[in-house]
Amino acid sequence: MGLLTGEALTTLAVALAIFLLLVDLMHRRVRWAARYPPGPVPLPGLGNLLQLDFQDTPHSINQLRRRFGDVFSLQLAWTPVVVLNGLEAVREALVLRGEDTSDRPPMAIYKHLGFGPGAQGVILARYGHAWREQRRFSVSTLRNFGLGKKSLEQWVTQEAACLCAAFEAQAGRPFNPQNLLNKAVSNVIASLTHGRRFEYDDPILLKLLELIQISLKEDTGLVPEVLNAIPVLLNIPGLASKVFSGQRAFMATLDELVTEHRESRDPAQPPRDLTDAFLDEVEKAKVKPESSFNYENLRLVVADLFSAGMVTTSTTLTWALLLMILHPEVQRRVQQEIDEVLGQERRPEMADQARMPFTTAVVHEVQRFADIVPLGVPHMTSRDTEVQGFLIPKGTMLFLNLSSVLKDEAVWEKPFCFHPQHFLDAQGHFVKQEAFMPFSAGRRSCLGEPLARMELFLFFTCLLQRFSFSVPTGQPRPSDHGLYAFLVTPAPYQLCAVPR
Ligand code: HEM
């Protein structure tokens with residue numbers, strides 16, 4: 001350094017600045033292509049990072065949509081992004097152009113969890129052989145879950161009984177239902193992945209739940225966006241383990257469970273659950289080097305199912321109970337239908353749904369109104385494509401604004417109100433709606449949708465069969481305005497559950 005004079009240093013700094021500007025221009029040149037979607041002007045290096053409020057990204061996105069239309073572009077540092085809004089654009093991108101739009105952007109921040117070419121899990125797997133293999137495996141394991149001794153529906157019904165007992169133990173006193181719902185839904189995933197449930201005070205379950213909440217917080221905000229956009233920062237020693245300590249601890253806890261399970265696997269017996277079925281595939285894959293069935297991937301697949309399947313479903317149920325205490329007339333009509341179809345004794349089964357159009361409409365409307373994954377999970381184009389006449393080059397990150405579909409003013413009669421009639425015809429029959437897209441659509445749509453629907457219907461119906469829910473006396477009416485942190489959750493609230 002001593003050899004560099006002040007003049008040489010200045011020359012070096014100018015050269016470096018010019019070099020960086022050129023690299024920046026190279027990344028931005030895509031914006032000048034014909035028919036590239038319009039968008040706010042990006043700053044050198046940072047792009048539009050500072051123009052988005054990552055504490056409430058959906059709000060920023062909706063404001064930009066008003067300025068630039070249904071298909072607009074952003075630049076997150078050097079990553080080009082196109083945002084798709086409204087039923088028409090989202091459907092065209094996901095369904096019509098599904099072959100071009102089903103890749104996932106590389107997420108540098110997950111490397112520290114073991115994510116790499118040989119182990120990609122399902123949710124973030126690149127669109128290709130490993131994803132196809134793992135998606136098929138998870139879907140068929142979920143579908144054939146007569147694997148163990150009990151069907152998944154029986155697991156859910158049994159868990160619903162445990163949940164009702166825990167609600168009853170509150171003895172009509174005010175409580176926040178979120179924790180108990182988290183525990184019940186986690187047990188359904190645990191039954192799928194590990195063939196077991198946990199008592200609600202089991203320290204392993206309590207630890208998993210706490211770590212999932214911490215991990216979710218670590219996933220949102222400016223820091224992970226900046227680290228993904230500028231992955232070189234992740235090389236700063238100790239940074240990843242400090243910023244993502246919750247995620248690492250969550251994986252370590254799941255690892256313990258998987259190890260315990262591997263040790264108790266008896267290959268002579270049929271698989272007890274998804275983990276056993278995966279271990280069998282690992283054995284078969286020993287002669288197939290291209291296979292994605294390996295121990296590193298097992299932990300990622302299990303983590304994916306836990307994280308994708310738990311918080312989503314329990315958050316939706318938390319919304320469902322909130323909306324019932326805010327709309328007692330809807331709650332009464334659901335209970336009336338339950339009394340007519342099931343009575344007080346018989347527990348609900350999925351087959352009852354066909355005879356319970358009002359309850360089915362309410363569950364759908366809860367999902368539409370709650371809108372819990374407003375921006376979906378990012379996709380990426382795997383080749384040049386076109387949406388609504390705009391050109392989107394290969395390698396562009398896509399944000400699918402599911403919220404803009406679930407609340408599309410051109411489709412829904414009262415998009416911003418809780419209105420179960422959205423799913424009922426004049427005769428009170430249930431009607432499907434194309435813009436009902438809480439699970440997204442196309443090749444990457446939620447693979448847990450059948451399980452989630454089963455849990456929502458059975459837990460919700462069991463709870464309303466057994467209890468009437470109300471705002472605790474003397475407490476203000478809770479707000480139905482959600483809080484965003486990747487998922488949209490209701491602000492913490494309390495209710496009273498009085499046995500019927
Ligand atoms: C109410 C509950 C749920 C909601 C609202 C929901 C929503 C979603 C959404 C919006 C996506 C992204 C789709 C896309 O990229 O286009 C997704 C993906 C996924 N979900 Fe769900 N989900 C729920 C429950 C579940 C459950 C119970 C499981 C598993 C047991 C699950 C497993 C997954 C997986 C593995 C993916 C990644 C699929 C892929 O990339 O191919 N989800 N979910």
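FYI, the numbering just counts along the sequence from 1. For ligands, and for the atoms within them, numbers begin at 1 and follow the listed sequence.
F369 and F418 have perpendicular rings, their planes meeting at more than 60° on a 0 to 90° scale where under 30° would count as parallel. Relative orientation of the H194 and F306 rings is tilted, given thresholds of 30° and 60° on the angle between their planes. Classified by interplanar angle (parallel below 30°, tilted 30° to 60°, perpendicular above 60°), the ring pair H364/F423 is tilted.
Counting heavy atoms from C-beta outward, D273 and D276 have side chains that approach closer than 4.5 Å.
Residue S440 approaches ligand 1 through these ligand atoms, each under 4.0 Å from one of its heavy atoms: 13 (C), 14 (C), 16 (O). Atoms of ligand 1 lying under 4.0 Å from at least one heavy atom of Q367, given by number and element, are 1 (C). Near R135, with a cut-off below 4.0 Å to any heavy atom, the atoms of ligand 1 are 38 (C), 39 (C), 41 (O). Interface of W131 with ligand 1, defined as ligand atoms under 4.0 Å from a residue heavy atom, comprises 39 (C), 40 (O), 41 (O). Atoms of ligand 1 found under 4.0 Å from any heavy atom of T316 (numbered from 1 in listed order, with element): 1 (C). Taking every non-hydrogen atom of V122 and a distance limit under 4.0 Å, the qualifying atoms of ligand 1 come out as 40 (O). Per-residue contacts place P438 under 4.0 angstrom from the following atoms of ligand 1 (heavy atoms of the residue considered): 5 (C), 7 (C), 10 (C). Remark: ligand 1 atoms within the under-4.0 Å shell around heavy atoms of V377 are 12 (C), 15 (O).
Ion pairing between R97 and E386 fails under the 4.0 Å rule for side-chain N and carboxylate O. Ionic pairing of R196 and D202 is present here: one or more N-O contacts between side-chain nitrogen and carboxylate oxygen are shorter than 4.0 angstrom. For the pair E199 and R197, the salt-bridge criterion is met [side-chain N within less than 4.0 Å of a carboxylate O]. Classification of R333 and E337 as a salt-bridged pair fails, no side-chain N sitting under 4.0 Å from a carboxylate O.
Each protein N/O/S atom under 2.8 Å from atom 21 (Fe) of ligand 1 was counted, for a total of 1.
In terms of heavy atoms, N85 sits closest to G69 at ND2-O, 4.0 Å.
Only side-chain heavy atoms of L402 come within less than 4.0 Å of ligand 1; its backbone N, CA, C and O stay farther off.
One side chain, T385 or D100, offers a donor N or O that lies under 3.5 Å from an acceptor on the other. With no hydrogens or angles considered, a side-chain donor-acceptor pair links E159 and N187 at under 3.5 Å.
For atom 13 (C) of ligand 1, the nearest protein heavy atom (residue, atom name, distance) is R444 O, 3.1 Å.
Heavy atoms of other residues, nucleotides or ligands lying less than 6.0 angstrom from CZ of R132 number more than 12.
Residue R104 has at least one N or O atom closer than 3.5 Å to an N or O atom of ligand 1.
Nearest residue to atom 36 (C) of ligand 1 from T313, I123, I372 is I123 (criterion: closest heavy atom).
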